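In listed order, ligands and their atoms are each counted from 1. As the structure is a computational prediction, the values presented were derived from the model and not from experiment.
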Amino acid sequence: MAIDYSQLIPNNVDLASDRRLQRALENWQPRFLDWWKGMGPDGASAFDVYLRTAVSVDANGWANFDYVKMPEYRWGIFLAGQDPNRQIAYGDNKGKPAWQDVPGELRSTLRRLIVTQGDTEPASVEQQRLLGKTAPSLYDLRNLFQINVEEGRHLWAMVYLLHAYFGRDGREEAEMLLERHSGDPDKPRILGAFNEKTPDWLSFFMFTYFTDRDGKYQLASLAESGFDPLARSCRFMLIEEAHHMFVGESGVQRIVQRTCDLMKEHKTDDVRSLGAIDLATMQKYLNFHFSVSLDLFGQEASTNAANYYTMGVKGRYLETRIEDDHVLTDSTFDMDTAEANRIVRKTVPALSALNERLRNDYVEDCAKGLLRWNKVIADAGITFELKLPHRAFNRRIGAFAELSVTPDGKVVSEAEWKAGESKWLPTPEDRAYVTSLMGPAVVEPGKFANWIAPPQRGVNNQPANFEYVRFN
Ligand code: BYC
């Protein structure tokens, strides 16, 4: 169904036919806008930004570019097309028609998953609120704002589900999504990584590479949900998510490129003296963002995850392409876990290991970007390799939280770990150095901050000196 842009809330769910729901969402809309003005990109309301807005959910329609003032961006409700014959692909309900409404017994489970997903979206906008002040170029500023408005829309996607399918509880949860705030000691966001700071652009690119990629895997699992409106919402969100990860991957790559260029040109490892970010510091930021993002997958052994699967609420990554019985009651899974202060390999029931399985898919995907970054380093003739730390390193959630593990996977005493920490994770000094590079935003079209290389290509094939943001 085409998106109806004549409505106050653009949508492709025929909102006009349900007056109650329409009114409830129109009531939430000004609250969302207040939140955006208070917690969204700081001081950027009057800017004209070259943004992509979806005008339909099909291949031709979701990438429509024009200048928009962000508070006027048409946040709306867009679900991917419906397959009327869709069946639940796994668990006890395998083969039954997908649910168009929420089964009573799954109400609180589904609500909780939707709230957890929804909570991350505004959280990331809050985390990135101040980054516009130090953007390394107009190109990067525009990408930041594109991500921010789309995370806002992803919040809309979950709020629509809460309002449409969860009655009064859903409406209350939708209010709470605007009341919790990233890092707020009294009302923090639900998941750990979303209460961390994103104070500089190296953190931003690492976040969009590693943490948005958790988004990809969680959304892909929820896109397999038996609850069809959730599955269709997530399928459309995934299309937008791809750009966010591209911004992260290409952003880190451009920093690596600039650093390598300077190392070669000046025949030195000391790029800090040249105002760039050394590779060792990048490795520390990588270690931090990867480990924090691994925590987002939950416990290795999880009865929650087993129940979600068995009930048909949350599937595996690309569930329908996997060749097995899709019930998993007789299957096992091999994974690392912690026992008696050691990392041990165990064979466990596959159902209880679904979080870990998804984490495996994620880790494999994360490694691909490192291959590209390392190619830049190798092509420059520099002997250095960025590495993913061991998955037990620096964990707060799951079996490894109780162990002290080095990035190469060695279990050490707490004292040894503390002694090594400054080599593995960004120190206050490293953070202060990176922050010191974040000068006032570079606003001249085609110009870039000293510590990052230009992109290979412009947005929507625009030329290098394109004016992506007009400040007015
Ligand atoms: N922090 O059985 P477990 C994105 C809790 S990112 C705090 O493993 P489960 C985005 C857990 O709640 C994607 N608490 O739990 C990216 C549970 O509590 P109870 C976001 C945690 O449910 C960038 C207990 O520990 N989407 O979209 O299997 C920018 C037992 O754990 C954490 C989703 O996460 C944690 N990290 O797994 C913008 C999808 N981990 O029951 C956006 C929806 C676990 O004991 N969420 N706990 O009170 C889920 O599927 C699940 O909630 C989780 C947790 C995978 C997160």
Side-chain angles (χ1 to χ4, degrees), residues 108-129 131 144 146-158 161 173 177 180 182 188-196 198 203-225 227 230-231 233-234 236-238 240-248 289 291-311 313-317 335 337 351-359 361-362 394-401:
S108 65
T109 305
L110 270 164
R111 191 183 65 211
R112 192 182 139 132
L113 285 173
I114 291 168
V115 166
T116 307
Q117 178 62 50
D119 191 71
T120 63
E121 316 288 1
S124 69
V125 177
E126 292 168 354
Q127 288 171 298
Q128 295 162 16
R129 169 171 168 70
L131 287 174
L144 167 71
Q146 180 74 57
I147 290 174
N148 291 162
V149 293
E150 285 174 355
E151 301 300 11
R153 209 205 63 73
H154 292 181
L155 169 62
W156 268 94
M158 295 300 114
L161 296 174
E173 293 284 12
L177 286 170
R180 284 186 293 270
S182 177
R189 291 296 177 182
I190 296 170
L191 299 173
F194 294 89
N195 289 305
E196 300 285 349
T198 313
S203 301
F204 171 66
F205 292 133
M206 291 289 180
F207 180 95
T208 44
Y209 186 77
F210 288 109
T211 308
D212 278 85
R213 196 171 305 276
D214 168 54
K216 168 183 166 183
Y217 282 84
Q218 298 296 343
L219 289 172
S221 306
L222 295 173
E224 304 288 346
S225 183
F227 178 42
L230 173 61
S233 296
C234 292
F236 186 64
M237 290 160 77
L238 276 166
E240 293 171 326
E241 198 65 46
H243 172 67
H244 308 181
M245 290 178 293
F246 162 80
V247 168
H289 286 273
S291 54
V292 165
S293 302
L294 285 179
D295 277 342
L296 293 173
F297 289 81
Q299 310 271 346
E300 289 77 16
S302 166
T303 44
N304 283 351
N307 290 337
Y308 300 152
Y309 188 84
T310 305
M311 296 186 290
V313 164
K314 183 180 176 190
R316 289 172 293 178
Y317 182 61
M335 67 175 189
T337 184
L351 274 176
S352 69
L354 287 168
N355 283 344
E356 188 62 6
R357 180 181 171 123
L358 192 63
R359 192 167 9 237
D361 294 331
Y362 167 81
N394 193 38
R395 295 289 301 282
R396 299 274 179 279
I397 299 280
F400 301 124

Counting non-hydrogen protein atoms only, what is the nearest one to atom 18 (O) of ligand 1? Give residue, atom name and distance.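 Ranking protein heavy atoms by distance from atom 18 (O) of ligand 1, first comes Arg112 NH2, 3.5 Å.
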To which protein heavy atom is atom 15 (O) of ligand 1 closest, and what is the distance rounded to 0.1 Å?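 Checked against all protein heavy atoms, atom 15 (O) of ligand 1 sits closest to Asn304 ND2, 3.4 Å.
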Closer than 4.0 angstrom: is that true for some heavy atom of Tyr308 and an atom of ligand 1?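 Under 4.0 Å: yes for Tyr308.
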Mind telling me whether His244 and His154 have parallel, tilted or perpendicular rings, with 30° and 60° as the class edges?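 Rings of His154 and His244: parallel, under 30°.
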For Leu113, counting its heavy atoms only, list the atoms of ligand 1 lying under 4.0 Å from any of them.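 Those of ligand 1 that fall under 4.0 Å from Leu113 are 43 (C), 46 (N), 49 (C), 50 (O).
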Thr303 and ligand 1 - part of the residue with a heavy-atom distance under 4.0 Å: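 Neither; nothing of Thr303 gets under 4.0 Å from ligand 1.
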Can an N or O of Gln299 be found at a distance shorter than 3.5 Å from an N or O of ligand 1?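 For ligand 1, there is an N or O atom that lies under 3.5 Å from one belonging to Gln299.
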Parallel under 30°, tilted from 30 to 60°, perpendicular over 60°: which one fits the rings of Phe207 and His289?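 If you compare the ring of Phe207 with that of His289, the planes turn out perpendicular.
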Atom 50 (O) of ligand 1 [closest protein heavy-atom partner, distance rounded to 0.1 Å]: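 Here the closest protein heavy atom is Lys314 NZ, 2.6 Å.
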Identity and distance of the protein heavy atom lying nearest atom 54 (C) of ligand 1: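 Heavy-atom neighbour on the protein nearest atom 54 (C) of ligand 1: Gly298 CA, 4.1 Å.
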For atom 27 (O) of ligand 1, which of Gln218, Gln117, Arg189 has the closest heavy atom?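 The nearest heavy atom belongs to Gln117.
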Heavy-atom pair with the smallest gap, counting every atom of Gly152 and Val125: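 Distance-wise, the nearest heavy atoms are N-CG2, 4.4 Å.
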Where on Tyr217 is there a heavy atom closer than 4.0 Å to ligand 1, on the side chain, on the backbone, on both, or on neither?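 No part of Tyr217 comes within reach of ligand 1.
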Looking only at protein heavy atoms, which one is nearest to atom 14 (N) of ligand 1, and how far off is it?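 For this ligand atom, the closest protein heavy atom is Ile397 CD1, 4.1 Å.
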Atom 13 (C) of ligand 1: nearest protein contact (heavy atom, Å):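 Result: Asp214 OD2, 3.3 Å.
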For atom 52 (O) of ligand 1, what's the nearest protein heavy-atom neighbour? Residue, atom name and distance, please.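 Of the protein heavy atoms, Thr116 CG2, 4.0 Å lies nearest.
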Atom 29 (C) of ligand 1: nearest protein contact (heavy atom, Å):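 For atom 29 (C) of ligand 1, the nearest protein heavy atom is Glu151 OE2, 3.4 Å.
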